[in-house]
**Student:** 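One structure coming up, written as structure tokens, with questions to follow.
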Amino acid sequence: MLLTFGCSKRKHSSDATIRIRWAHDPETLDPLSLHNQAALDAYNLLNISLLQADASTQTLAPALAEALPSVQFLNDSITAIGYRIRSVAAWDSGQPVLASDVDFTLKLMLCPGLPNEVAQSQYHFIRALQVAANDPRRFSFLCRGRSIEYAHTTGDFFILPEAELDPHGSLRHFDLADFQYRRAEIATDSGIQTVVRHYLAAITSQATRQLPGCGAYQLVKWEKDRYITFHRKSHWWADQVRPTPFVLQARPQQLTYAIIPDAATATLALQRGEIDLYPRVPAHEFSRLRASSTAAKTLRFYTSDSHDVATAGFNTRHPILADAQTRRALSQCFDAAGLLRATQLGQGQPTVGLISPNDHLNYNDSIAPLPFVPKSAAALLRQAGWRPSRMGEVMGWTRTPVRGPRQELRLALRYRAGDELFATVALQFQAAAASIDVPVQLLPTESGAFSQALQTGDFDVYLRTLGGNPFMFNFIPILHTAGIGAGNASGYSTPASDQLIEAIAAADSKIRRAQLLRRFQAMMQDQSPMAPLFFLPNRVAASRNLTGIHVNSLKPGYSVMTLAWDSAPQVP
Amino acid sequence: MVRSALWHLFRTGLAVWVLASVVFLLSYRSLNATTELVLPDTTDLATTTTAVARRAAQQAIRQRLGLDLPLFYIGRNDGNGWHWNGQHNQYHRWAGRLLHGDLGTSFRTGQAVSSQLGTALAYTLPLTGTAAVLAVLGALGLAQRLATRPWWHRAGRGILLGLHALPLFVVALALLLLLANPEMLAWFPTYGLDDAADEQLDATTQFVRYIWHLVLPVAALTLSALPDFTLQLEAALTQELRAGYAITARAKGLSEQGIIRNHVLRNALLPTLTQVAQLLPALVAGAVVVEVVFALPGMGRLLAEAAANRDFPILVGGVLLTGLARLLALLLADLLYLWADPRIRWQS
């Protein structure tokens, strides 16, 4: 009987349900604390933000907002970002989405007792919200400092309904400034405590595990570590918007995300039609699938570039890596082109910096990626004062600075254990370095311990992926003095680079920002605190019946809202 | 016998408490990774967080989770010796809650640890329990046959030894690639326990589908546990079959099967009883490899992910549960020994 079940071809459970593979469970659908990409993707179905990324144009487009925001520099220290919420936008209760909901959400982000530290650290620059007197849907964020990027950042968070989470308007009794500067005092307010209890009960309740939203879908069922299912609302406010913009489309009637941690299992599930879409397919699985004649009959394969860049970073706080010449020499021991062939099926793009080569406005195409020339690296090491000499029983490089003890060039390289890409990069670097007598110790490190090691500077060289996007170029967390102890693992900072990074963040036009970004890329290649190796490709495999995938470089790499099931697909 | 069992229970309870306390104190000693993992990834260029904002956020997380309290009743000043923290410490609060049956809430999801462990156990126990029962029954049958030295004895032992040498993930992946692969035999599903859409089906069909999904994971676990039990029991049976009482039974004309079943098996079972008892903690802790390969929810994945995310309340709760199972297993083994061998009963 069991084999009868097995041998009978499993049919698509319903033409209306589209099944997508996730590697991880979202863990929580708390909009103030979304831990991973799955959580973000899931919450994007339940709620929408003022602006959404348009996969068809790779730009930001108004979603809950009526139009892209206006940016006004009020003075040197305040930028006003103005929005108007669409007139038709409404919560499930039928109540309109208003500026007061935005104000309420900002207060929730700062409300004591809630798990909102992530939101607090992300949106700390919003000083106040000004609601237009004559229009309850029009408002402006008043942001500290000057930056055109506030236009993106302020439109990026999810708005929550005040009427449902705070029906008595308890938070209205306080200003945003009270939540910013008098947190300890207001924490004891009974009204605030009631809102906090209500909020926590909603997100942790086994029954709901979600908050009300204004997105196109509602959560039907969530079985942790198994699957999560969303159903399209029969009456969604955005259905009235004509013509329907790309970011407000919601074609699938039902979406089920199957949580399958193992890549090989997910590949088999796709081949058997147990899932319909497999995003971010690892290179070896993608290659195996493409080579299979049976898979070619039922599946389609898509690739695009991504904004994730594989990088190597140097610990500039260590005396042996404190000078740019040594770092530049070691950067030439990474064979980016060879690594792309070995690990990414030749897909992906070598790069000069952290900006994608596809970003023609901002990418500095006047400089070339650092070449893979270990011999030239040896010459650069000599210029940096290193001399070949005996280090214990082996040959290596030493130098004796004017002040300080004799230095030996040996490196400890850390990367996340279990990461196949970086294991290969590490081995390639070790071999290339060994060819010029630089000993490299590989330290694959458990994920949490790796983050800790980067924070404490317990490494010489690290390997990791930086996730980018085409909208924001804020390098303060990763390469500025203010980022040391946070994202600036290399510890690199100079007055000139700090000044340039600040100027990029404060640029008041895209053209000016592009000029600064090009200078920045040249400076970073010269200084080499990190060696950007290549931009990773995005690989998607899907059933031939699935249309409207719009594979693109923005996460999650495809457009879920435009997916559709075609029961009579084109046969290859 | 009762006094002995009570004494065992008391010792077990004390040992579990000490184990849980040690795990709590060791894990909560270093919480930087916990707060670090809650915050947005610094590798994302969309983050706007500076080091100052990040430190403030970490402090806020510690406060919210109560991790800003001293860890234990006594603490060390920076180089100035020890001092008394009083009852206002993390251990006192945790122990107080534990005595009331409250294991705390997850750092990551805010949900009750007991609820998450309960849900995971509900998935794990049918999987590991079925595999354990099948492995024990299979071993009992196979070892008895092997002990009679049939013609396939050498080949059977060779296969068992080969299987014993294979890591669990190889067995699981081999089953998957062989029996759930459209390019080989697509007899069984690749992942999960049932389909999200299966809820519309009637109870019988749902149950059959559930069993159908469990076949490969249970087979993987059974195949990896079977050789250990079988080879051990077969060795014990072979040794006992050389004993004087077995020769006497053989001289009386009893068949080899009869000698094993009626005389030898009970004596040969003693080491196997310990092995079976040792299975109990594994039943509770889950089988992370099989759970990952077949995308099953369960204790193994829950605890592995809690360890990776430094979700210590879940981890300590899991260790407590597994430790309890291990110590109960030891107690069970002791009691089974008393039952199986009268000489031990008389000595105690």
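FYI, side chains are in, hydrogens and waters are out, and symmetry mates aren't considered; it's all heavy atoms of this structure.
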**Student:** His124(A) side chain to Ala53(B) main-chain N or O, any donor-acceptor pair under 3.5 Å?
**Tutor:**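 Such a contact is absent between His124(A) side chain and Ala53(B) backbone.
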**Student:** With a 4.5 angstrom heavy-atom cut-off, is it the side chain or the backbone of Ala489(A) that approaches chain B, or both, or neither?
**Tutor:**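 It is neither, since no heavy atom gets under 4.5 Å.
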**Student:** Residue by residue, which of residues 292-300 of chain B have a heavy atom closer than 4.5 Å to a heavy atom belonging to chain A?
**Tutor:**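 So far as heavy atoms go, Val292(B), Val293(B), Ala295(B), Pro297(B) are the residues that approach chain A to under 4.5 Å.
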**Student:** Identify the heavy atoms of Glu117(A) and Ala57(B) that sit nearest to each other, and give their distance.
**Tutor:**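 Shortest heavy-atom separation between Glu117(A) and Ala57(B) comes out as CG-O, 3.7 Å.
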**Student:** So for Ser292(A), is it side chain, backbone, both, or neither that comes closer than 4.5 Å to the heavy atoms of chain B?
**Tutor:**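 Both parts, backbone and side chain.
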**Student:** Looking at CZ of Arg310(B) and CD of Gln452(A), how far apart are the two atoms once the value is rounded to the nearest 0.5 Å?
**Tutor:**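 Going from the CZ atom of Arg310(B) to the CD atom of Gln452(A) covers 7.5 Å.
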**Student:** With a 4.5 angstrom heavy-atom cut-off, is it the side chain or the backbone of Gln58(B) that approaches chain A, or both, or neither?
**Tutor:**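 It is neither, since no heavy atom gets under 4.5 Å.
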**Student:** What part of Ser447(A) is in contact with chain B, defined as an atom under 4.5 angstrom from a non-hydrogen atom: side chain, backbone, both or neither?
**Tutor:**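 Contact with chain B: none, neither part.
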**Student:** In terms of heavy-atom pairs under 4.5 Å, which option from Ala120(B), Ala180(B), Ala60(B) contacts chain A the most?
**Tutor:**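 Among the listed options, the one with the most contacts to chain A is Ala180(B).
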**Student:** Examine whether an atom of Arg108(B) lies under 4.5 Å from a heavy atom of chain A, and if so say whether it belongs to the side chain, the backbone or both; otherwise answer neither.
**Tutor:**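 Both backbone and side chain of Arg108(B) come within 4.5 Å of chain A.
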**Student:** Mind listing the closest non-hydrogen atom pair of Gln111(B) and Thr204(A) along with its distance?
**Tutor:**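 Taking every non-hydrogen atom into account, NE2-O, 3.3 Å.
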**Student:** So which part of Pro115(A) gets closer than 4.5 Å to some heavy atom of chain B, the side chain, the backbone, both or neither?
**Tutor:**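 Pro115(A) touches chain B through backbone and side-chain heavy atoms alike.
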**Student:** Side chain, backbone, both or neither: which part of Ile275(A) has a heavy atom under 4.5 Å from chain B?
**Tutor:**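 Answer is side chain: those atoms of Ile275(A) sit under 4.5 Å from chain B.
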**Student:** Is any side-chain heavy atom of Tyr191(B) closer than 4.5 Å to one of Arg21(A)?
**Tutor:**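 No; the side chains remain at least 4.5 Å from each other.
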**Student:** Side chain, backbone, both or neither: which part of Ile260(A) has an atom under 4.5 Å from a heavy atom of chain B?
**Tutor:**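 Contact with chain B is through both the backbone and side chain of Ile260(A).
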**Student:** Let's test your reading of the structure: which of Leu176(B), Leu185(B), Leu179(B) forms the most heavy-atom pairs below 4.5 Å with chain A?
**Tutor:**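 Heavy-atom pairs under 4.5 Å are most numerous for Leu176(B).
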**Student:** What residues form a ring-ring contact (aromatic ring centres under 6.0 Å, His included) with Tyr462(A), not counting sequence neighbours?
**Tutor:**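 Here the qualifying residues are Phe459(A).
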**Student:** More than 12 foreign heavy atoms under 6.0 Å from OH of Tyr210(B): is that the case here?
**Tutor:**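 Result for OH/Tyr210(B): enclosed.
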**Student:** Would you give the length of the straight line joining atom CG of Asp30(A) to atom OG1 of Thr109(B), rounded to the nearest 0.5 angstrom?
**Tutor:**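 OG1 of Thr109(B) is found 10.5 Å from CG of Asp30(A).
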**Student:** Using a 4.5 Å cut-off on heavy atoms from C-beta on, say whether the side chain of Glu305(B) contacts that of Asp225(A).
**Tutor:**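 Yes; the side chains approach each other to less than 4.5 Å.
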**Student:** In terms of heavy-atom proximity below 4.5 Å to chain A, should Leu173(B) be classed as side chain, backbone, both, or neither?
**Tutor:**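 Answer is side chain: those atoms of Leu173(B) sit under 4.5 Å from chain A.
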**Student:** If I compare all heavy atoms of Arg272(A) with all of Thr190(B), which pair ends up nearest, and what's the gap?
**Tutor:**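 Looking at all heavy atoms of both residues, the closest pair is CD-CG2, 3.7 Å.
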**Student:** To the nearest 0.5 Å, tell me how far Glu27(A) CD sits from Asn309(B) CG.
**Tutor:**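 These two atoms lie 5.0 Å from each other.
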**Student:** With the side chain counted from C-beta on, respond yes when Arg301(B) and Ile259(A) share a heavy-atom pair under 4.5 Å apart, and no when they do not.
**Tutor:**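 They are in contact (side-chain heavy atoms under 4.5 Å apart), so the answer is yes.
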